[in-house]
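So the structure is just underneath, and the comments pick up after that.
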Amino acid sequence: MKPIAIEEIDSNLKTAGISDRSRLQFFDIRQDPFRVYGLYDARRQPAFVRMPQRAAAAVSPGVESLARNTAGGRVRFSTDSDVIVLHAVMPAVGRFSHMPLTGSAGFDLYVDDPESGVSRYWRTFVPPTDMAGGYEAEIRFPSPKKRFLTVHFPLYSEVREVLIGIDRNATLGKGLTYRNKLPVVCYGSSITQGGCASRPGNCYQNILARQMNLDFLDLGFSGCGKAEDSMIDYLAGLPMTAFLSDYDHNAPDVEHLKKTHFRLYEAIRKTHPDIPYLMLSRYDFNSHYEENIARRDVIYETYRR
């Protein structure tokens, strides 16, 4: 018996294609009325990045590379189109054995409630398994009506260009705004960057931001969140409404954490004396129990001081 492709058995597993390109009009998200959040100087940079190349390079080669991953990036807009098409140009795609391609390279579509500000998941622009250089995907709504939308960017891929396609007869407008004018700055490890979330919307900062209607900046760097002096200086100079310190997992040892944890706190407090400051310890606490008790004590000492 000849095997049947799973897509022919279950339509839910199809990678969405473009059903009718002739009915579409495409728009560059770097232009009005789109608003990009969580990425550095999105309108003028040739590719979407999380921090300036020079600042990232001054920290480490790892940070310089990972700053080109678009974790935490979002674009907001509104439209009454019943079809939304995403066209993404992606020069580098993260592929892992332990993380779905939808998380490392996919885009998530959420519908935003204009009354409460809460965003609710609708569908994922699912990348094909053989994607190279980017992809296109289509998501449909049951009927045309005005909706406020948020698209979450990939967690572990580079994105150079994003175009949004809608029905030629549809209108396009501004998206909702967040309740904070300045972002919450989140600094940390792969956990902060979003590894190994099944899709971008499941990165924990994205979850919290949707629940609380907060803008944020994801500066998590897999294996590279070590609070170097140059990174501390960069973080302290950022505008922010709150700061989250979540790099315990990347500090090589307890001594490194002792040397850097309070120093990071002092630097942020010097430039932002009144903002909330959150300190997180390791999540997998029982994996190295004795060491993690010592690490937690370092973080608690910063809090105590």
Side-chain angles (χ1 to χ4, degrees), residues 50-51 56 59-63 65-67 69 71-72 94 96-100 103-104 155-156 183-198 202-212 214 216-236 238 240-305:
R50 292 186 286 158
M51 60 186 291
V59 179
S60 70
V63 169
S65 175
L66 292 170
N69 292 172
F96 311 105
S97 60
H98 58 298
M99 183 174 182
S104 63
L155 301 172
Y156 278 85
V184 177
V185 174
C186 307
Y187 175 66
S189 66
S190 59
I191 300 166
T192 318
Q193 185 168 341
C196 296
S198 59
N202 285 340
C203 173
Y204 81 79
Q205 295 96 327
N206 279 332
I207 294 172
L208 294 173
R210 287 193 305 273
Q211 291 176 345
M212 303 176 71
L214 289 172
F216 71 97
L217 177 60
D218 185 338
L219 292 178
F221 301 100
S222 282
C224 299
K226 299 179 181 179
E228 299 92 338
D229 288 346
S230 54
M231 176 57 81
I232 290 176
D233 290 343
Y234 177 73
L235 293 170
L238 292 173
M240 65 184 78
T241 194
F243 185 80
L244 186 149
S245 172
D246 186 20
Y247 75 98
D248 181 7
H249 231 298
N250 282 171
D253 51 41
V254 175
E255 287 306 311
H256 182 94
L257 197 61
K258 285 181 180 178
K259 293 176 181 178
T260 58
H261 199 267
F262 187 73
R263 188 164 67 204
L264 173 60
Y265 173 79
E266 278 190 311
I268 300 295
R269 270 285 173 255
K270 184 176 181 179
T271 52
H272 304 284
D274 300 318
I275 65 169
Y277 191 109
L278 291 82
M279 306 171 197
L280 276 64
S281 57
R282 286 188 172 193
Y283 300 96
D284 52 344
F285 196 80
N286 290 327
S287 60
H288 298 86
Y289 189 70
E290 297 298 330
E291 178 187 347
N292 288 336
I293 289 176
R295 285 175 174 270
R296 183 185 61 187
D297 288 345
V298 171
I299 294 170
Y300 182 74
E301 179 63 13
T302 297
Y303 168 75
R304 188 192 65 79
R305 292 175 67 183

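For the numbers below, each heavy atom of this structure counts, side chains included, while hydrogens, waters and symmetry mates do not.
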TODO: Measure up the Tyr265 and Tyr277 rings against each other and bin them: parallel (under 30°), tilted (30 to 60°), perpendicular (over 60°).
DONE: perpendicular
Open item on the list: Looking at Arg282, is its backbone amide N or carbonyl O close enough to the side chain of Asp248 to form a donor-acceptor pair, meaning the two atoms are under 3.5 Å apart?
Closed with: yes
Task: Short N-O contact, Glu266 and Arg269, less than 4.0 angstrom - done: no
- [ ] Would you check if the side chain of Glu291 reaches a backbone N or O of Val254 as a donor-acceptor pair within less than 3.5 Å?
- [x] no
Open item on the list: Treating Thr271 as the side-chain partner and Ala236 as the backbone partner, does any N or O pair qualify as donor plus acceptor under 3.5 Å?
Closed with: yes
- [ ] List for me each residue that meets side-chain hydrogen bond (donor to acceptor under 3.5 Å, both in side chains) alongside Tyr204, sequence neighbours excluded, and say none if there are none.
- [x] Asp246
Task: His256 (side chain) donor-acceptor with Asn250 (main chain) under 3.5 angstrom - done: no
Open item on the list: Determine whether a donor-acceptor pair (N or O, by modelled atom type, separation under 3.5 Å) exists between the side chain of Ser104 and the backbone of Gly94.
Closed with: yes
- [ ] Could I get the full list of side-chain hydrogen bond (donor to acceptor under 3.5 Å, both in side chains) partners for Gln193, not counting sequence neighbours?
- [x] Asn69
Open item on the list: Is any side-chain heavy atom of Tyr234 closer than 4.5 Å to one of Leu219?
Closed with: yes
Task: Beyond-backbone contact of Asp229 with Arg263, side-chain heavy atoms, under 4.5 angstrom - done: yes
Open item on the list: Treating Tyr283 as the side-chain partner and His249 as the backbone partner, does any N or O pair qualify as donor plus acceptor under 3.5 Å?
Closed with: no
TODO: Indicate the ring-plane relationship of Tyr300 and Tyr303, choosing parallel, tilted or perpendicular according to the 30° and 60° boundaries.
DONE: tilted
TODO: State which residues pass side-chain hydrogen bond (donor to acceptor under 3.5 Å, both in side chains) with Thr302; sequence neighbours excluded, sorted by chain then number.
DONE: His261
Task: Any donor-acceptor pair under 3.5 Å from Arg50 side chain to Leu66 backbone - done: yes
Open item on the list: Do Ile299 and Arg295 make a side-chain contact, defined as non-hydrogen atoms from C-beta onward lying under 4.5 Å apart?
Closed with: no
